[in-house]
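Residue numbers begin at 1 in each chain, while the letters A, B, ... track the order of the sequences.
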Amino acid sequence: MFIPSAKCFAHTLTQTNSNPLTFQELILRLQTFWAERGCVLEQPYDVEVGAGTMAPETFLRVLGPSPYKVVYVQPSRRPADGRYGENPNRLYKHTQLQVILKPPPENVQQLYLESLGAMGIDLRQHDIKFEEDNWEAPTLSAWGVGWQVMLDGLEITQFTYFQQCGGVDLDPISAELTYGLERIAAFLQDVDSIYDIVWARDPETGKATTYGDVRLSDEIQFSVYNFDLANADFLRSHFDLYERECQLLIDGYWMVKKEEYDRLERTGLRGFLDNTGRPPSLKRYPVLAAYDLCLKCSHLFNILDSRGAISVTERVGVIARVRALAVGIAKVYVDQQQDEPASEESDQQKRQKAKRETAPAIP
Amino acid sequence: MPDFLLEIGCEEIPARMLRAGADILVSNTIAALQQIYFPVDVTRCRSYWTPRRLTSYVPALPLQEPNIDYQEVGPSWNIAFKDGAPTAAAEAFAKKHGVPISSLIRTTTKKGNYAAVQLNRAGRPTGVVLREIVEDQLRNFYWPKTMYWRAKTAERFVRPVRWIVALLDDEVLPIEFGGVVASRISRGHRFLSSTPVEIRSANDYVDALKANAVLVVPADRASRIDEQARNLEVERKVSIRTDRELQSTVVNLTEWPSVILGNFDREFLELPDEVLVTVMRDHQKYFAVEDAGGKLLPHFLAVLNTDGDPRGIIRHGHERVLRARFNDARFFWQTDQKHSLRERTVWLKNVTFQKDLGSYYEKTRRVQRLCSWLCETLRQRGVQVRPGIVHKAASLAKTDLTTELVKEFTELQGIVGGLYAAVQELDTGMPDATRQAIAQAIYDQYKPESMDDSVPRSIEGAILSIADKADSIAGMFALGLQPTGSKDPFALRRQANGIVKTIAEKKLPLSLTQLFADAREAYRGSSAERKFSGEIDYAGTLRIFFRERLEFYLRDVLGFKYDVVNAVLAAGSDDVVGAIARAEAVTKVRPSTDFESISIAFKRIKNILRQAGESGKQVAPAIDANAFQEAAEKELAAQIPRAVETVDGFRAQGDYENALIEISKLRPAVDRFFDKVMVMVDDERVRANRLALLQSLLKEFSTIADFSEIVTEGKESKESSKQ
């Protein structure tokens, strides 16, 4: 019969102290843990996203061949999930902690489990299972294979090996770890309502600031806006405008690439060319800005949807429109990565070279 | 006689794929070994699995591959040798195989004479063979869904492979896959064992893992769970609801299982059992707990992947999660009551049924129309139905798709609608009995979900269920999206099976052709219709599709012999109830000698007519009594009209058994005909008339079953070759 080894998992046996982590301590612990393992500590993206995956640090970084390791917190807005602050388990805006490991190290599961130790979870005292859960995001034309990690029956993390993103097959693969911070905090603090989570505790007075203190108004007001007040006509116009500009930027890239400068001019993107009428390095082309516009569309769609303003026939079409932008951007991004080395020196050389070549043509 | 053990160590493999994966691992190895003439004692081979490993055990292999004699065929003999002298082609061939020209031999193939060489390959050591077989197998392993984890050009597998153990007795076979080279080092339980596990030899494997908190034999995990559950039942005086599927899931989610009994607040028992059990079973993988009378108790059984929970920490966590889930469910239930199902009917405009077939609102309208036609047809055929109940149930059937509860627990669609309908005022002044009947029809609308599931309880529920499924199938077929091969994303086969089973068990006098003509008609004028493909043969494709479904039902569900099924369906597959009755009748009369003879005779008739057709021999348009020459043919011709009348009489009453007995009575006349009469005579008029007689016989008496399909024990008729 099996006799448990005394040594087992000594390195993850961070003993649970009587004072569980506050919400902000949880964030700090996880950030520190992953930063110590070579991740860039990024900041939350400042455009509305539905999930950490949609932040460019994931959606764009997983494309192309360059290795990358990053950790960031991402407030994620899902208008339809709002409950006016009345449901103890549902939020309009929840907080994800996102880790991307590209390519995934062989011990990626082990690293993940150690991160649980870092938040004070003694693995030996709990029931942990990796249950199949394959992630898919039709609006991003992205999918992956992986698990939901269950801690005593609670889904605390989505663990995904990305296979495709923006319609592009990934090489190398990235591992994505998405921690649901509210759930984990509620578990650690053993509270039944998200709003009762202690977000911070004043070190001097010991006074607690709760999740409700910080976020309840957000939940109430945005639910009211998203469900009851958002002006569908305005939202539609916003959507159309963002979409148009995004598509122009995507098209413009290929015009530059194919040297169709006349068309580019008609598109209103003349400003990308230098005063000789030649393009600078393709590296300067603002695909990142195009992606922001795509994210705007995605979020507007979500609000329209929660507002009940999208009909059946329309819905499939609108999702397809957002997907078309995401796929278009992914293609441009990959192409841009392959185009040339990013160093400033070569950019300058290229520009000088371009000037020299075009010089005779200038009267 | 060394024993071979192979363990593929993976990151957690999906529970649903484990068993099949392990079985493929061992069976492919066996098949590959047998293909190169290795003797394998299949009965002693084993496959084991846990979430983190697939294992195959193939014992008692020979030390090396058998020596193999084989022949390589080279150039044509005439090219290899000119006038008995070897040509350059012969020399090249001999050189290629490293043999002298003198050892070339002549071999005869279908295409003629060729030069060949007899070769012998010494058997390789078993370890070398296994390594090659297994590496090839892993590169081509079948999984329902695979992934890359290293560079894209590398291998695919269900999940990343992290270690491999490959032992031939105690010798390591350096099998390589996914950047991992096999060793004797396995791993124990993730949390209950920390050190690498060394496997000394193939036969130490199971025990070595057991010592490291891994029960690699699934049956061992199942019995550990069972034993602990039984103890809890006795100790706590409760009963754990049996659930084989869930049992298999938890066995496949654990390496070292143990169980705990958790509790939830009694107040949640106010929620319907269906909701509570779905939350526990489908979302949390907990077993429901009941009292001796089968009543749900406020407990659950959770299976852990660890050795216990002495401090109750884990139980506390599971209880917390379940409480949140139940709170959600209760919240949804209460929120949903703010809007009645009736109010929700228009909301269905915003729920897509299928992108080309429109919304559930449109579907509801079609299904309602189809339901009223079905009610009318059934009423005309003497079936008692309450059309008002069907109509109301159809109008509300899909409204639960707009409820929070169904959005959260999609597997409860239909059931939730039924539960809500039962507690809501559907129409002012509606009697309770009517409401309950409507609620029940809504509740049952997706039944039967499999061939093991029951059909809707009421006739009204059956009509709704059939109409709903027929509408989906009709729409998809009209779009040209019928299932092909293993592709059936909308589960149309399952839905069609459901229709067949429901019609059969409710004994509904319905024609499938008519049902699908009506279902298609319900789409008339819809926007979906414009998307319909003009190129497909809607009725024809559906006929073939349902013939297959009915064949499956008769053979695999009801257990009729395949030839009986073929015979019966060759005579028609439109009327499900009739087809079953005919199959029963044929099965009953089949053992009689008369019937067997008639079957043989019908086969002969069919052959004769086929050969006549192939050789361009005319069949007279009608039987001409004056063209008969022999007494035997006159006698047979005279018997036909009388027999037809009696047979039709029985058939009209659905008495297929007596109809078949009546047909069997033709046997003496038919036998005499074949004894005395030659059909394919030279006289064209006589021949054409005899062919016409046989054709009418075949036509008149093949309406219950095509007897020529019946496989007879006795000898096949030689008549056709004689003719």
Side-chain angles (χ1 to χ4, degrees), chain A residues 1-5 7-10 12 16 83 86-90 103-104 106-110 113 122-134 144-147 150-155 159 161 163 169-173 175 183 186-187 190 192-193 308 310-313 315-316, chain B residues 11-17 51 145-153 158-160 162 179 189-195 210-213 253-254 256 284-286 302 304-307 309 311 313-318 320-324 327-328 331 349-353 355 358-359 361 527:
Chain A
M1 277 311 272
F2 156 74
I3 299 151
S5 143
K7 293 188 300 181
C8 74
F9 271 80
T12 58
T16 317
R83 292 291 183 274
E86 289 161 12
N87 183 311
N89 307 308
R90 307 260 158 170
E106 262 181 54
N107 62 342
V108 53
Q109 277 185 311
Q110 184 58 36
L113 291 169
D122 174 1
L123 301 176
R124 187 60 187 76
Q125 302 283 342
H126 293 279
D127 172 33
I128 293 167
K129 299 192 186 97
F130 287 77
E131 298 185 5
E132 179 191 18
D133 195 19
N134 301 320
V145 163
W147 309 275
M150 308 297 285
L151 170 64
D152 299 345
L154 176 72
E155 182 197 344
F159 190 136
Y161 287 101
Q163 303 288 303
D169 289 336
L170 300 182
D171 185 12
I173 296 302
R183 281 184 181 194
F187 172 86
D190 196 22
D192 276 347
S193 167
I310 304 245
S311 74
V312 186
T313 27
R315 198 188 148 78
V316 183
Chain B
E11 296 185 358
E12 278 76 353
I13 299 168
R16 65 189 171 100
M17 303 178 189
K145 195 177 186 104
T146 58
M147 61 172 284
Y148 291 110
W149 64 98
R150 303 199 301 156
K152 204 184 83 191
T153 45
V158 62
R159 287 293 184 278
R162 293 305 182 199
H189 188 280
R190 257 191 204 291
F191 311 117
L192 302 179
S193 151
S194 58
T195 46
K210 196 171 188 173
N212 284 276
L253 280 171
T254 51
W256 188 264
Q284 294 301 130
K285 304 192 173 73
Y286 300 156
L304 318 178
N305 183 31
T306 187
D307 59 346
D309 180 31
R311 291 162 60 198
I313 297 174
I314 300 175
R315 180 171 53 81
H316 180 75
H318 281 281
R320 236 188 113 254
V321 180
L322 190 62
R323 184 162 61 240
N327 264 323
D328 265 1
F331 176 81
K349 287 180 180 175
N350 280 323
V351 187
T352 315
F353 164 50
K355 72 178 169 62
S359 68
Y361 182 79
S527 55

| note | Interatomic distance, CG@D127(A) vs CD1@I313(B), rounded to 0.5 Å, equals 12.5 Å
| request: For residues F331(B) and R90(A), determine if any side-chain heavy atom of one lies less than 4.5 Å from a side-chain heavy atom of the other. | output: no
| said: With a 4.5 Å cut-off on side-chain heavy atoms, are Y161(A) and P160(B) touching? | reply: yes
| task | Go through M147(B) and I173(A) one step at a time and tell me if the side-chain contact (heavy atoms from CB on, under 4.5 Å) criterion holds. | result | CA-CA 10 Å; M147(B) 61 172 284; I173(A) 296 302; 5.5 Å; no
| note | Scored by heavy-atom pairs under 4.5 Å with chain A, the best of L304(B), D328(B), I314(B), V321(B) is I314(B)
| message | At a 4.5 Å cut-off on heavy atoms, which part of P104(A) comes close to chain B: side chain, backbone, both, or neither? | response | side chain
| request: Measure Y361(B) against the heavy atoms of chain A and call it side chain, backbone, both or neither at under 4.5 Å. | output: neither
| field | chain A contact via A324(B) - which portion, at a heavy-atom distance below 4.5 Å | value | both
| Passes side-chain contact (heavy atoms from CB on, under 4.5 Å), L113(A) versus F191(B)? Steps please. | CA-CA 10 Å; L113(A) 291 169; F191(B) 311 117; 3.9 Å; yes
| To the nearest 0.5 Å, what is the distance between CH2 (W147(A)) and CD1 (I13(B))? | 10.0 Å
| field | Most chain B-contacting option - heavy-atom pairs closer than 4.5 Å, from V145(A), D133(A), N107(A) | value | V145(A)
| field | salt_bridge(R124(A), D307(B)) N-O dist < 4.0 Å | value | yes
| field | Set of side chain to side chain donor-acceptor pair (under 3.5 Å) partners for D152(A), sequence neighbours left out | value | H126(A)
| message | Determine whether a donor-acceptor pair (N or O, by modelled atom type, separation under 3.5 Å) exists between the side chain of E12(B) and the backbone of E132(A). | response | no
| task | Please state whether the side chain, the backbone, both or neither of A186(A) comes within less than 4.5 Å of a heavy atom of chain B. | result | both
| said: Would you compute the distance between atom CG of L151(A) and atom NE2 of H318(B) and round it to the nearest 0.5 angstrom? | reply: 8.5 Å
| task | Tell me, out of Q284(B), R320(B), R311(B), R315(B), who's got the most heavy-atom pairs with chain A below 4.5 Å. | result | R320(B)
| Would E11(B) and V108(A) satisfy side-chain contact (heavy atoms from CB on, under 4.5 Å), going step by step from the backbone distance to the final call? | CA-CA 10 Å; E11(B) 296 185 358; V108(A) 53; 4.1 Å; yes
| Contacting moiety of T146(B), where chain A heavy atoms sit under 4.5 Å | backbone
| task | Drop me the distance from N327(B)'s CG to D192(A)'s CG, to the nearest 0.5 angstrom. | result | 7.5 Å
| request: Look only at the side chain of N305(B) and the backbone of K129(A), and say whether a donor-acceptor pair between them is shorter than 3.5 Å. | output: no
| note | Residue from G146(A), P103(A), S193(A) scoring the most non-hydrogen pairs under 4.5 Å with chain B is G146(A)
| said: What part of P51(B) gets within 4.5 angstrom of chain A, counting heavy atoms only: side chain, backbone, both, or neither? | reply: neither
| request: State whether the side chain of R190(B) and the backbone N or O of Q110(A) hold a donor-acceptor pair below 3.5 Å, judged by distance alone. | output: no
| query | Given that the side chain runs from C-beta out, which part of Q163(A) has a heavy atom under 4.5 Å from chain B: side chain, backbone, both or neither? | reply | side chain
| message | As a quick check of understanding, evaluate side-chain contact (heavy atoms from CB on, under 4.5 Å) for D309(B) and Q125(A), giving each step before the final call. | response | CA-CA 7 Å; D309(B) 180 31; Q125(A) 302 283 342; over 6 Å; no
